[in-house]
S.K.: 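My questions all concern the structure below.
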There are 4 protein chains.
Amino acid sequence: MEKKLQTAVLGATGYAGAELARILLKHPRLTPPVLFAREGSDASIGSVAPNNGSALPDYEAFSWDAAQRADLLFLATPHETSWDLVPQARKRGIRVIDLSGAWRLMQENNRAIYNLPEQNGHAALLQQSVYGLPELHASAIASADLVANPGCYATSVILALAPLATAGLLDTSYGIVCDCKSGVSGAGKAPTQKTHFVEVADNLSAYSVFAHRHTGEILEQLGLQSKDIIFTPHLLPIPRGILSTIYVRLNSDSTAERVEQTFRTFYSTSRFVRIFPSPQLPQIQHSLRTNHCDIGMVLAPDRRRMVIVSCLDNLVKGAAGQAVQNMNLMFGWPEWEGLD
Amino acid sequence: MEKKLQTAVLGATGYAGAELARILLKHPRLTPPVLFAREGSDASIGSVAPNNGSALPDYEAFSWDAAQRADLLFLATPHETSWDLVPQARKRGIRVIDLSGAWRLMQENNRAIYNLPEQNGHAALLQQSVYGLPELHASAIASADLVANPGCYATSVILALAPLATAGLLDTSYGIVCDCKSGVSGAGKAPTQKTHFVEVADNLSAYSVFAHRHTGEILEQLGLQSKDIIFTPHLLPIPRGILSTIYVRLNSDSTAERVEQTFRTFYSTSRFVRIFPSPQLPQIQHSLRTNHCDIGMVLAPDRRRMVIVSCLDNLVKGAAGQAVQNMNLMFGWPEWEGLD
Amino acid sequence: MEKKLQTAVLGATGYAGAELARILLKHPRLTPPVLFAREGSDASIGSVAPNNGSALPDYEAFSWDAAQRADLLFLATPHETSWDLVPQARKRGIRVIDLSGAWRLMQENNRAIYNLPEQNGHAALLQQSVYGLPELHASAIASADLVANPGCYATSVILALAPLATAGLLDTSYGIVCDCKSGVSGAGKAPTQKTHFVEVADNLSAYSVFAHRHTGEILEQLGLQSKDIIFTPHLLPIPRGILSTIYVRLNSDSTAERVEQTFRTFYSTSRFVRIFPSPQLPQIQHSLRTNHCDIGMVLAPDRRRMVIVSCLDNLVKGAAGQAVQNMNLMFGWPEWEGLD
Amino acid sequence: MEKKLQTAVLGATGYAGAELARILLKHPRLTPPVLFAREGSDASIGSVAPNNGSALPDYEAFSWDAAQRADLLFLATPHETSWDLVPQARKRGIRVIDLSGAWRLMQENNRAIYNLPEQNGHAALLQQSVYGLPELHASAIASADLVANPGCYATSVILALAPLATAGLLDTSYGIVCDCKSGVSGAGKAPTQKTHFVEVADNLSAYSVFAHRHTGEILEQLGLQSKDIIFTPHLLPIPRGILSTIYVRLNSDSTAERVEQTFRTFYSTSRFVRIFPSPQLPQIQHSLRTNHCDIGMVLAPDRRRMVIVSCLDNLVKGAAGQAVQNMNLMFGWPEWEGLD
């Protein structure tokens, strides 16, 4: 049997990091991951499973010596931290999958939307970074040393639009509307007034209208401009899951069958994208705790306007699961290893 | 002191009917309402408060004799029932507020969307029916004998668009998108797989895409055509409340201040519409258990595209509260009596 | 018409304080309350209702001069703050209703359970404090200058046991078990890991077993000793509401009718306690947003063992509503004024 | 490689049956299960996953011919159906795991509590039935042809009490109190008023006080009498999970360490029972979607009274997972196969 590889996770105490640690722990090609706590963190995942069973390893203090022993380093850290650490990791020859937004965006205006630092000395490294959406960039990911794992909202929207954009079927002159709704784990584990149970329960709210930092990824990956699209996130009173309702107009008359077929063809080799037979639509429950992105669509009687619904689990296909999918590609393993 | 009037409610066992009964019971101008159970219903609201306190009156079997003793009859019945009963009530001279969709729509194509019966012999009566949105039709409501109480989604969308539509500021050629989300009580009290706790909790789903029966009201009230607007409802995992996120384009450049002022002017005498200072947006919690419709807006940097968020409680401003507001107008009382 | 009185609330930014402010604002005997923010607090209730309508007054910085202008001062502050402020208020002749635990307990061992300071110089003042449970101490409250408003759990348990304890029907030798469950607002508004939506949703947890600080109130009010009773609180995934399931044994055989009658007699003049006809049991929804405490009971076939279920809204009967009920008694108004 | 075995499930459309089907589908020793729909059922699990991926097989109409081809038949049917079908299955030599209550109880009084039919002609077969709690009856299960899978509440309570009962440490004369709380899936998939989202959300209710049908299993398995124990179930506003808070008294003074050690020793070979270090207590989230039963305990300062908290997922360890654990024992496979 093949020798098992070693991974390390920095920032495994947040929701995405802990989900990642759990997936890595059961991955058949890996020894248990080294878990580095973020500085100042006192949470202990292990406490959840205090007895026998599949408890996670204890956290270690981060050191480059320890990180260097890993075949792959995952960063589940704030983008400022990732922007600092990735160059040091690459200098040491460590391959990295970064779950923050720091290395996702090439264009300065989009980096500005995200409030990312200017490229300065890291422009060359940024050019080598690959946007880790396997359904679009599988071969580049396979040979990458630095993968920028996509944002959860961005994954949901890009996968819903890529087949039509690629086929040149979108009429963007009317404006694409992406009305997206996410569970609370997308807001992170730090307790804030915004994530207090009493503020979220029995409620729904829109936020960051015309200003959400995931917008840049959507534009850059789909080759769109800011005027072409509106993206509005909402906070749902559920722990996890994203549903994006996307309104587009086709540039010529079509049928539901033909549009659906465009999606099926585009994703014919994509195990983790499930196309629903129109007019059936996915719900958030369908993809929870899986690495699937579920997509359904309805065409208006005018044969031009279309509603696309795209669902995924923000912690899995929107973060940790997608990171593992990227890892699988980087090491030449089947894309679904450890994810089924 | 003025003599108190008598109301009656048919169908007070559903969620909207029970909410209505509770409001009527505390209304200072009314004696306790007569409550008629829908045939076959066995629910008893009274059982909730078995001892002293503000328990509702017991249900009675419906009869026209009993109904005729009321100064006003509320129908919280399916639209088929309302279509049958209203002509009989009017023949007896009873004033009616109907909470179903049966009497809301004049245009045949919109009636068809709702799956309403053809007008046949009732065309004349339908012409006398007034759409019960007090912010738009206060004076017609005041003198009406038959008020068709609006749908909950429709109220939320129409109030959010009326100021711009009336001022002629909307550019409908790009298409208006209404992405609406409602709590489960909007689906009624009858237990179905769709309203089962396990199916709704931790979930979100879109439904009736391009096909929801409230669409006709929106079109008819705003003078729009089907091609101008998309309305997509979603089922939220909360008991009550609606949030509508509405995407429009103005037909000339504007500023947030100017648009906000258009709304404030339009609703200057409307106690139940609250305009939030842009870019602040209402959340569902803000208007729960009140008769308010809260509206906020954000203008894009391009000064043309706009996101409007409109929230209300589907059982109050979206049903029972609005019905009482209509009653207040019909009897010349202050609009907010019994609703503050 | 009688001159309206002035109240003031210190700490109106927390959940109980805000609920109190809303009730006071609508109370027919009062002018709008003066709201003092807790130091360092930046929350603004007013922002919820930015337009017309029943918005709360703005917060003011606290000063004794301003407080002294009020006919009654409510403290919704941590018990350490209340312990410091109450003596100063009384020295200035200000009547006080304190919502913290600081002045509820006379016995040192019970004060120790709550982790309250030693009595030191305040022993005399503590003796004058009246435990603000109107169903037990109405006349003492009426003449009190310092009322210690009870804890939410304690209210729920004491009201469920008082009729049997007073009638001498309890056999405490078997041990009374109080298994209590509360919504999250009981844990306060400060965001913590424990109140993070993702930690609470889809979950239930017991806490402070054999160690909850409300235990002392229960013992002291019912004349019990620590060995007689176990009180276990649980955190429910709901915003508000308490349900206590209480297991007792009678000291002689009885019938459901007789026991129920004992409760009905005991509470015959208590408008806010509703006794359910056995074996019907209250649910949390029944008393939400009301000042009721609902009580139901089932007697075992052995005619000795009994389960009592007691429900209330922790922010109303468990805090703000009860405080207003106490105020009504202190000023000789009907107990239910402003609470119906 | 070993030949894979064939299983069949009757009633795979309910929550427990669907959970079972999903576990069986991924079990490494099995070919995909044959799924028989209950008569009249129209639900289709497969519709959830309409595209590629791990969709379940289509449902088949039930026939004994088809059932007989399976190496093991699971019945997820009402107890009346199971009572009828099991004798026929055994006559045909088919091994059965029955998830209903029909074959769990030997004693007539306990069968009466459950409202089970009298034994009549099936007494001999009932004697052969083994109560499928692997932690207590592993060797009997291994050789059984008919396993009666335990109830969810009963599993939670029995596992929490068995170590103390077996060691003779319980003083039952004071009465054991089991205050149990369950998520809504425990009430089944059929939509009823009781499971309507609006009735359950923001609520909690106790039910079947002194009368729940799982009581008999608890008594029979622990050798207790009705007078020794009270079991009160509550309906939680969550989809799944059980937390039981259990109050017992020891018959001699002890320490937390000693009691905890009694539990650890008792379950030293039980992979699916996790003992928490006292005074740490399990929460419902800890065991969701796993086959674990988590148990924690706190001893009172008097060294006699004890609170035990026991958590499990009602659809996994409380139903489908436990059924698979039983299957593993029946076929001599590792107990955790397909369950980790």
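Here is how names work: the chains are called A, B, and so on, in the same order as the sequence lines, proteins then strands, and each is numbered from 1. We use all heavy atoms of the structure for the numbers below, so side chains are in, but hydrogens, waters and symmetry mates are not.
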S.K.: Identify the heavy atoms of B:Y174 and A:S173 that sit nearest to each other, and give their distance.
M.R.: CE2-O, 3.1 Å
S.K.: Indicate the atoms forming the closest heavy-atom contact of A:F210 with B:V298, along with that distance.
M.R.: CE1-O, 3.4 Å
S.K.: Less than 4.5 Å to any heavy atom of chain A: does that hold for the side chain of B:A211, its backbone, both, or neither?
M.R.: neither
S.K.: Go through it in stages, so that I can follow the logic: the residues are B:N203 and A:I238, the test is side chain to side chain contact (heavy atoms under 4.5 Å, CB included), and I'd like the CA-CA distance, side-chain angles, deciding distance and then a yes or no.
M.R.: CA-CA 7 Å; B:N203 202 6; A:I238 61 175; over 6 Å; no
S.K.: Between A:L288, A:I229, A:L235, which has the largest tally of heavy atom pairs under 4.5 Å with chain B?
M.R.: A:I229
S.K.: Flag the pair B:R305 / A:I230 as yes when at least one side-chain heavy-atom distance between them is below 4.5 Å, and no otherwise.
M.R.: yes
S.K.: Would you tell me whether A:T232 and B:Y247 have side-chain atoms, one donor and one acceptor, within less than 3.5 Å of each other?
M.R.: yes
S.K.: Would you say B:K181 and A:L243 make side-chain contact, with heavy atoms under 4.5 Å?
M.R.: no
S.K.: Side chain, backbone, both or neither: which part of B:R304 has a non-hydrogen atom closer than 4.5 Å to chain A?
M.R.: neither
S.K.: In Å and rounded to the nearest 0.5 Å, what is the CG to NE2 distance from A:L281 to B:H234?
M.R.: 8.5 Å
S.K.: What option among B:P301, B:P282, B:A300 has the most heavy-atom pairs under 4.5 Å with chain A?
M.R.: B:A300
S.K.: What closest approach, in Å, do A:Q285 and B:V198 show between heavy atoms, and which atom pair accounts for it?
M.R.: NE2-O, 2.9 Å
S.K.: Measure B:D302 against the heavy atoms of chain A and call it side chain, backbone, both or neither at under 4.5 Å.
M.R.: neither
S.K.: Mind checking whether A:P239 and B:D202 have side chains closer than 4.5 Å, heavy atoms only?
M.R.: yes
S.K.: Using a cut-off of under 4.5 Å for heavy-atom pairs, which of B:S205, B:P237, B:A206 has the most such pairs with chain A?
M.R.: B:S205
S.K.: Of the backbone (N, CA, C, O) and the side chain (C-beta and beyond), which part of B:M297 lies under 4.5 Å from a heavy atom of chain A, both, or neither?
M.R.: neither
S.K.: Of the backbone (N, CA, C, O) and the side chain (C-beta and beyond), which part of B:V177 lies under 4.5 Å from a heavy atom of chain A, both, or neither?
M.R.: side chain
S.K.: Mind checking whether A:L204 and B:Q283 have side chains closer than 4.5 Å, heavy atoms only?
M.R.: no
